[in-house]
Amino acid sequence: MQKILFSVSESEFRAFAGPIETACRAAGLDPTISKQPQDPTSIDYIVFSPDGPIADFSPFTGLKAALSLWAGVERIVGNETLKAPLARMVDPGLTEGMVEYVTGHVLRYHLGLDAILATQRGRWAPELAPPLARNRTVGILGLGALGAACGLALASLGFSVAGWSRRPKEIDGIECFSGDAGLNEILRRSDILVSLLPATPQTESILGAEEFALLPEGACLINPGRGTLIDDDALLAALDGGPLAHATLDVFRTEPLPADHPFWEHPKVTVTPHIAAATRPETAGEVIAENIRRSEAGLSLLHLVDRLAGY
Ligand code: NAP
């Protein structure tokens with residue numbers, strides 16, 4: 001029997017407990033799921049979200065793993081009371097959602113849909129015909145589970161795709177860069193820039209005034225990564241007097257985005273409320289069950305977080 005404690009919000013418990021239990025049983029496991037343990041020392045696994053109650057893992061002395069419901073782990077990765085391995089969420093359903101969000105907004109910018117919708121007032125405007133995707137470069141910062149999937153989807157539509165990661169990579173269909181020089185190169189050529197980096201000390205404000213200044217005139221930004229990637233004041237300055245034509249932002253330094261934040265009213269900003277890609281209970285349940293199965297079989301976990309690197 002595997003004792004699984006859920007440290008998640010009420011709504012996450014309602015959405016995920018059933019599918020995770022079903023997936024565990026299908027994987028040949030015998031799970032007991034609870035929200036409040038009688039005896040913390042008996043807990044084998046903790047399904048974790050930052051919206052749940054547990055901040056101190058030290059009473060869970062028999063913990064075999066913490067399994068994050070979220071892809072982004074910045075709110076648990078530095079928790080020194082957690083000694084057991086930490087796996088982040090890589091969920092096919094979440095990835096599909098992110099591919100759809102990013103592709104949708106890239107196509108919106110590429111086709112100039114905002115301008116087309118704004119001119120539906122009896123004006124025949126042939127100058128709005130867009131170039132082909134192959135004449136447009138999309139730069140993707142972060143070539144992990146999400147960035148790589150988005151890049152491949154955009155490449156399959158014909159876009160010229162360049163991507164940037166911490167370590168050098170080779171991905172068919174994506175021109176890959178790494179390092180400081182690689183970042184500058186990507187910025188210089190990105191007509192549309194997508195940021196899908198994790199929040200770590202190294203990525204804090206990675207997009208600031210100097211970086212925005214390198215973008216081509218009229219570039220657009222899509223940020224479904226994390227709010228901390230962006231220097232908000234530098235972004236506003238780049239929209240007001242710099243090269244940036246528009247930004248679509250899904251994640252923010254403070255969420256919900258405060259009512260008086262200038263992003264809400266800015267004519268060149270689209271705000272979406274952290275909806276780019278949710279973890280999907282059915283597909284994520286299988287991922288969590290597979291990790292518990294692997295742990296019980298003595299195999300290493302999938303999607304282990306590198307606690308030093310911070311993601
Ligand atoms: P991942 O698989 O861990 O990939 C992260 C990528 O970022 C990797 O390519 C990594 O490089 C790169 N990277 C990390 N630090 C870097 C640095 N200092 N310099 C350059 N590249 C760096 O993560 P993922 O699953 O793709 O998710 C990415 C992020 O998306 C999450 O951390 C989360 O913040 C965000 N997210 C948002 C939503 C939403 O709804 N808005 C949903 C899910 C996730 P290497 O390949 O060299 O390791």
Side-chain angles (χ1 to χ4, degrees), residues 12 49-51 67-78 86-105 139-154 161-171 174-187 190 193-208 211 221-230 247-253 255-257 270-280 283-284 287 301-311:
E12 286 170 329
S49 114
D51 293 341
L67 306 166
S68 174
L69 271 192
W70 291 28
V73 288
E74 69 276 7
R75 285 161 69 186
I76 183 176
V77 71
L86 169 65
R88 60 191 206 86
M89 179 51 68
V90 177
D91 160 30
L94 183 154
T95 303
E96 274 175 59
M98 186 61 84
V99 167
E100 291 173 17
Y101 179 93
V102 167
T103 307
H105 285 281
I140 304 194
L141 305 184
L143 284 175
L146 300 177
C150 292
L152 290 171
L154 292 165
V161 179
W164 187 66
S165 54
R166 186 165 62 96
R167 297 160 291 192
K169 275 204 147 89
E170 281 185 27
I171 303 175
I174 301 178
E175 199 178 350
C176 296
F177 296 88
S178 57
D180 290 348
L183 175 60
N184 292 348
E185 184 54 37
I186 291 255
L187 293 169
S190 292
L193 183 69
V194 180
S195 53
L196 270 168
L197 292 164
T200 68
Q202 288 68 39
T203 63
E204 164 65 38
S205 295
I206 198 159
L207 293 175
E211 289 72 28
L221 169 71
I222 302 169
N223 181 26
R226 278 294 180 261
T228 55
L229 304 177
I230 287 178
T248 293
L249 309 173
D250 186 56
V251 281
F252 305 91
R253 286 176 181 272
E255 295 183 7
L257 184 64
T270 298
V271 169
T272 60
H274 202 146
I275 47 146
T279 306
R280 308 285 162 164
T283 44
V287 174
L301 295 188
L302 302 172
H303 320 309
L304 263 183
V305 172
D306 176 341
R307 303 284 295 269
L308 276 181
Y311 66 99

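Keep in mind that the numbers below use all heavy atoms, side chains included, and drop hydrogens, waters and symmetry copies. Ligands are counted one by one from 1 in listed order, and the atoms in each one are counted from 1 as well. We count residues from 1, following the sequence as given.
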Determine, using heavy atoms of [X] and all atoms of ligand 1, whether some pair is separated by less than 4.0 Å.
X      : answer
Glu74  : no
Lys169 : yes
Leu196 : yes
Arg88  : yes
Thr200 : no

- Quick one: look at Arg167 and ligand 1, take heavy-atom pairs under 4.0 Å, and tell me if it's side chain, backbone, both or neither. both
For [atom], find the nearest protein heavy atom and state the residue, atom name and distance (0.1 Å precision).
atom                    : answer
atom 44 (C) of ligand 1 : Leu146 CD1, 3.4 Å
atom 35 (C) of ligand 1 : Gly225 O, 3.4 Å
atom 9 (O) of ligand 1  : Leu143 N, 2.9 Å
atom 42 (C) of ligand 1 : Ala277 O, 3.3 Å
atom 21 (N) of ligand 1 : Arg166 N, 2.9 Å
atom 5 (C) of ligand 1  : Pro198 CD, 3.8 Å

Please list, in number order, the atoms of ligand 1 under 4.0 Å from a heavy atom of [X].
X      : answer
Gly142 : 6 (C), 7 (O), 9 (O)
Met98  : 37 (C), 38 (C), 39 (C), 42 (C)
Gln202 : 18 (N)
Pro224 : 35 (C), 36 (N), 37 (C), 38 (C), 39 (C), 41 (N)
His274 : 39 (C), 40 (O), 41 (N)
Val251 : 41 (N)
Ala71  : 43 (C), 44 (C)

- Query: Does a salt bridge link Arg226 with Glu204, judged by any charged N lying under 4.0 Å from a carboxylate O?
  - Reply: no
- Task: Please indicate whether Asp306 has more than 12 foreign heavy atoms, meaning atoms of other residues, nucleotides or ligands, lying under 6.0 Å from its CG.
- Result: yes
Should one rank [options] by closest heavy-atom distance to [atom], which comes out on top?
atom                    : options                        : answer
atom 20 (C) of ligand 1 : Tyr101, Trp70, Trp164, Tyr311  : Trp164
atom 22 (C) of ligand 1 : Leu249, Val305, Ile140, Leu197 : Leu197
atom 4 (O) of ligand 1  : Gly144, Ser195, Pro168         : Gly144

Tell me if a side-chain donor or acceptor on [X] pairs with a main-chain N or O of [Y] at a distance below 3.5 Å.
X      : Y      : answer
Arg88  : Val73  : no
Thr248 : Thr270 : no
Asp250 : Asn223 : no

Backbone or side chain, does any N or O of [X] fall under 3.5 Å from an N or O of ligand 1?
X      : value
Thr203 : no
Asp250 : yes
Ala145 : yes

Just distance, no hydrogens or angles: give the donor-acceptor pairs under 3.5 Å from side chains in residues 92-103, sequence neighbours left out.
residue, atom, partner, partner atom, Å
Thr95, OG1, Asp91, O, 3.1
Tyr101, OH, Thr272, OG1, 2.7
Thr103, OG1, Val99, O, 2.5

- Indicate whether any N or O donor in one side chain lies under 3.5 Å from an N or O acceptor in the other, for Arg166 and Thr203. no
- Distance-only polar pair, side chains of Ser49 and Glu12, donor-acceptor under 3.5 Å: yes
Considering all heavy atoms, the nearest [X]-[Y] contact:
X      : Y      : answer
Cys176 : Leu143 : SG-CD1, 3.8 Å
Arg75  : Asp51  : NH2-OD1, 3.8 Å
Val77  : Tyr311 : CG2-N, 4.5 Å
Ile140 : Cys150 : CD1-C, 4.1 Å
Val271 : Phe252 : CG1-CZ, 3.7 Å

- Item | Heavy-atom check, side chain of Leu249 versus side chain of Leu221, under 4.5 Å | yes
- Message: Less than 4.5 Å apart, side chain to side chain, heavy atoms only: is that true for Leu207 and Leu187?
- Response: yes
